[in-house]
Asker: 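For reference, the structure I am asking about is given below.
Chain identifiers are assigned alphabetically (A, B, ...) following the order of the sequence lines, protein sequences preceding nucleic acid strands; residue numbering begins at 1 within each chain.
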Amino acid sequence: MADYAQRISWGAALVLGLFLVWLLLSGGRGWPYALLGAIAGGALGAWLAPGRLYRPRPIAMARFIALFVIKSLVGGVDVAWRAMHPSMPLEQTWIDYPMSLKTPAGQAIFMITISLTPGTLCADLQGSTLRVHTLASGMEPGLKQVERAIAGLFGEEQAGWVG
Amino acid sequence: MTALLTVAAVILLKLFALGLIRIYQGPSESDRILAVQLSGTTTVGILVLLSHVLAMPALIYVALLFVLFAALIGVAFVRHPGIGSSS
Amino acid sequence: MTDWISSMFIIAGVGFFLAGTVGLLRFPDVFTRLHALTKADNTGLGLLGVGVALQGQSFRLAVLIALIWFLAVTASSIACHLVARHNLHSEEGER
């Protein structure tokens with residue numbers, strides 16, 4: 001059973017992750033207890049996790065993290081420039097952005113990332129349409145780029161996929 | 001180097017005080033909660049700086065806790081039943 | 001050399017905090033203030049963290065600071081979305 005084997009490896013990854021977080025927070029003190037706890041946590045997680053498990057995609061993940069960091073840096077520079085500029089160049093608009101992401105986790109990550117990308121702020125979700133507040137016009141291409149990176153994270157194919 | 005870090009922490013503290021103006025002025029409750037969020041982030045910045053200046057690594061964990069609470073502030077604000085009807 | 005680079009990061013970080021506070025005080029309404037808050041501040045915290053991590057010269061400290069930054073970014077982004085939605089809905093209710 002492929003599903004069974006996948007659950008085992010998912011649990012093992014969870015054990016490793018939990019143990020590493022413990023090492024990070026405690027600096028290695030009391031690690032035998034942590035190991036026991038991590039194994040119990042991983043086993044419970046693998047046993048109880050509902051539905052289809054998420055299959056990690058390292059390359060897409062690295063690409064998304066790089067995009068996330070760059071976008072939030074540029075976003076900070078952008079809004080700092082607007083705040084410090086004597087005339088405050090604000091050109092407020094609302095756009096309705098139809099999401100093509102299907103998985104709820106992907107949609108959540110997208111909404112978090114939108115609020116960090118330059119000039120955009122996610123305000124509301126109705127069905128699969130996002131209401132986005134922007135500080136300048138012409139922000140859709142940036143949103144598309146983020147959405148594509150997240151779609152790659154979850155292995156979702158998109159209608160508007162290019163390259 | 002320690003001098004620079006200390007100066008940076010003091011400047012952040014001043015910015016924190018400036019942010020209080022927005023809490024005082026409002027005008028809406030959302031504005032006030034925004035200012036609280038800002039002071040939360042500033043506090044985290046100050047703590048990270050101080051943990052190095054004072055050589056107290058424990059302050060990093062305090063910063064971690066502050067970050068975790070910062071998330072709760074927003075949720076508590078939105079979920080609070082009295083807010084929204086009174087503003 | 002490391003000192004020099006880390007000072008640059010810390011100065012830039014404080015600059016972003018300044019911009020965030022200025023934005024909070026100068027911007028005309030809640031939504032624009034939200035922009036200033038979520039972005040400028042988190043960029044500031046990130047740069048500040050890089051500066052301190054360079055000073056600390058310890059891998060564990062760097063990872064802890066990265067964790068703090070990641071959590072701060074996620075928390076403020078979610079809080080920002082919640083406040084924006086709350087504000088949008090209460091505005092619509094008043095109309």
Asker: Would you mind telling me which of C/A40, C/G44, C/G23 has the largest number of heavy-atom pairs within less than 4.5 Å of chain A?
Answerer: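 The option with the most such pairs is C/A40.
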Asker: Would you indicate whether A/L48, at its atom CG, is surrounded by more than 12 heavy atoms from other residues, nucleotides or ligands within a distance under 6.0 Å?
Answerer: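 Yes, the 6.0 Å shell around CG holds more than 12 heavy atoms from other groups.
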Asker: To the closest 0.5 Å, what do you measure between CZ (C/F16) and CG (A/L73)?
Answerer: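 It is 7.5 Å, given to the nearest 0.5 Å.
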Asker: Any chance you could measure C/S77, atom OG, to A/L116, atom CG, to the nearest 0.5 Å?
Answerer: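 Reported to 0.5 Å precision, the distance equals 4.5 Å.
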Asker: Parallel, tilted or perpendicular for C/W69 and A/F68, by the 30°/60° rule?
Answerer: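 Geometry flag for A/F68 against C/W69: perpendicular rings.
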Asker: Might you confirm whether atom CE of C/M8 has over 12 heavy atoms from other residues, nucleotides or ligands at distances under 6.0 Å?
Answerer: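 It does not: C/M8 CE has 12 such atoms or fewer within range.
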Asker: Output the option from A/T117, A/V69, A/T113, A/V74 having the highest count of non-hydrogen pairs under 4.5 Å with chain C.
Answerer: A/T117
Asker: Grab the two heavy atoms, one from C/A19 and one from A/A83, that are nearest each other, plus how far apart they are.
Answerer: O-CB, 3.7 Å
Asker: Would the distance check show the side chain of C/R60 and the main-chain N or O of A/L24 forming a donor-acceptor pair, the cut-off being under 3.5 Å?
Answerer: yes
Asker: If you measure from OG1 on A/T120 to NE2 on C/H35, what distance do you get to the nearest 0.5 Å?
Answerer: 7.0 Å
Asker: Given heavy-atom pairs under 4.5 angstrom as the criterion, report whether the side chain, backbone, both or neither of A/V77 touches chain C.
Answerer: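 Answer is both: backbone and side chain atoms of A/V77 are under 4.5 Å from chain C.
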Asker: In this structure, are over 12 heavy atoms from other groups packed under 6.0 Å from A/W31 atom CH2?
Answerer: no
Asker: How long is the span from the NE2 atom in C/H81 to the CG atom in A/L125, to the nearest 0.5 Å?
Answerer: 7.0 Å
Asker: Side chains of C/D29 and A/Q92: does their closest heavy-atom pair fall under 4.5 Å?
Answerer: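 Side chain of C/D29 against side chain of A/Q92, heavy atoms only: contact under 4.5 Å found.
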Asker: For the side chain of C/T43 and the backbone of A/S72, is there at least one donor-acceptor N/O pair under 3.5 Å apart?
Answerer: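 The answer is yes, because a donor-acceptor pair under 3.5 Å joins these two groups.
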Asker: Is chain A contacted by the side chain of C/L25, its backbone, both, or neither, given a heavy-atom distance below 4.5 Å?
Answerer: neither
Asker: May I ask you to check whether over 12 heavy atoms, not counting those of A/F19, lie within 6.0 Å of atom CZ?
Answerer: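 Above 12, so yes.
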Asker: Answer yes or no: are there more than 12 heavy-atom neighbours, outside A/F64 itself, under 6.0 Å from its atom CZ?
Answerer: yes
Asker: Measuring heavy-atom distances to chain A, does C/I78 have an atom under 4.5 Å in its side chain, in its backbone, in both, or in neither?
Answerer: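 It is the side chain, since no backbone atom gets that close.
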Asker: Given that the side chain runs from C-beta out, which part of A/L23 has a heavy atom under 4.5 Å from chain C: side chain, backbone, both or neither?
Answerer: backbone
Asker: Rounded to the nearest 0.5 Å, what separates atom SG in C/C80 from atom CD1 in A/I114?
Answerer: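 Going from the SG atom of C/C80 to the CD1 atom of A/I114 covers 11.0 Å.
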Asker: Could you measure the distance from the CZ atom of A/R82 to the NZ atom of C/K39? Nearest 0.5 Å is fine.
Answerer: 9.5 Å
Asker: Can you check whether A/P86's main-chain N or O pairs, donor with acceptor, with C/R26's side chain at less than 3.5 Å?
Answerer: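 Indeed, once roles are kept as given, a pair shorter than 3.5 Å links the two residues.
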